[in-house]
**Student:** 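Submitted below is the structure of interest, expressed as structure tokens.
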Amino acid sequence: MQYIGRFAPSPSGPLHFGSLIAATASYLCAKSVQGQWLLRIEDVDKFRIKKNSIDSIISTLENYGYQWDGKILYQSQRTEAYQHALDSLNTLTYPCTCTRKFLQQKSPASTYGYIYTGFCREQISNPNAAQFAIRLRTNNKTIYFNDALQGSYCQDLETEVGDFILKRSDKMFSYQLAVVVDDEYQKISEVVRGSDLLDNTPRQLYLQQCLGYHHPTYLHFPIATTENGKKLSKQNHSPEITTHHKRQTILQALNFLGQHPPSLDHFSSLEDLWDWAIKNWNRNKIPAQMTLSEYYPHLS
Ligand code: GLU
Ligand code: ZN
């Protein structure tokens, strides 16, 4: 089977260092095995798109010398495919009229915000509501999978997440549905992304099961966290990527991914650096975890 990987940035701002790591890891996993690397712009949520960020992401990637295969896929143009997938789920889905306020008050909290305990499963909670979301029944499913880097992972969907949204009340399709439909459509064989998305994976595997899709394999690389496990936010340590110090920036990304490249003066051009990176890529060197002090020793 041919290796097909992808990079799927959300255009909610320009590329930052975290997204460059995602681009680099997924790129090298694909290119080091002569696979394809596809680019997908995840602009499914039109309320989160920041002006000009699509152009800026694409031109930064070009500038840095990433070469994607085929045409860029835009989620904003995939509405029909998402609706078709949703319709095919039939009685596995149901409308939900619960308001955010109601859910905040009535739902047990979890790392995902709240756990939806199925208020509208049998009967919608608010029959007069003008708008409704569509949720997927989790049907007491426990999902196990083996991440290439994080090892085995298990999540009980019903008690840990609850029935989750596929289409929001504002008619936008959810990330979970869009990403699953597109990973199938683009025949992605492996998803390489940050470990902040690890706990989304069981929902995506379950949805693939419900839709009769293939399952890609998954590799979640570490997201730098603070000593107490908090994720680094865009605001604190992930500056926007500029095009001034391209080789240095890629070297930093390679270091973050445990590849230990030679120093800058070893490379006379960006092409040289990419050649080295593709030839020497070793996914087994990626650390499974990363704390702030390892990456920003000067801060601690
Ligand atoms: N669009 C998501 C993000 O930028 C990534 C989705 C994915 O890789 O599955 O965080
Ligand atoms: Zn509801």
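In listed order, ligands and their atoms are each counted from 1. The first residue in the sequence is number 1, and the count goes up from there. Quantities reported herein were computed from a predicted structural model and do not represent experimental measurements.
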**Student:** State plainly whether the residues R6 and E42 are in salt-bridge range, i.e. N to O under 4.0 Å.
**Tutor:** no
**Student:** When the ring centroid of Y27 is compared with that of W68, is the distance short of 6.0 Å?
**Tutor:** no
**Student:** Go through the steps to decide whether R40 and Q186 satisfy the test side-chain contact (heavy atoms from CB on, under 4.5 Å), and finish with yes or no.
**Tutor:** CA-CA 9 Å; R40 179 198 308 155; Q186 296 189 294; 3.0 Å; yes
**Student:** Quick check: do C120 and R135 have side-chain heavy atoms less than 4.5 Å from each other?
**Tutor:** no
**Student:** Please state the angle at the Zn ion (ligand 2) spanned by OH of Y116 and SG of C98: what is it, rounded to 10 degrees?
**Tutor:** 110°
**Student:** Can you list, by chain and residue number, every protein residue with a non-hydrogen atom closer than 4.0 Å to ligand 1?
**Tutor:**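 These residues qualify: R6, A8, P9, S10, E42, Y175, V179, R193, L197.
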**Student:** Mark yes or no for whether D45, through its side chain, and F47, through its backbone, hold a donor-acceptor pair below 3.5 Å.
**Tutor:** yes
**Student:** Where the side chain of S12 meets the backbone of I49, is there a donor-acceptor pair that is under 3.5 Å apart?
**Tutor:**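 No, S12 side chain to I49 backbone: no donor-acceptor pair under 3.5 Å.
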**Student:** For the metal site, I want the angle between atom SG of C96 and atom SG of C120 with the Zn ion (ligand 2) at the apex, to 10°.
**Tutor:**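 With the Zn ion (ligand 2) as the vertex, SG (C96) and SG (C120) sit 120° apart.
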**Student:** For this output row, return yes or no: ring centroids of Y218 and Y153 closer than 6.0 angstrom.
**Tutor:**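 When the ring centroids of Y218 and Y153 are compared, they turn out to be at least 6.0 Å apart.
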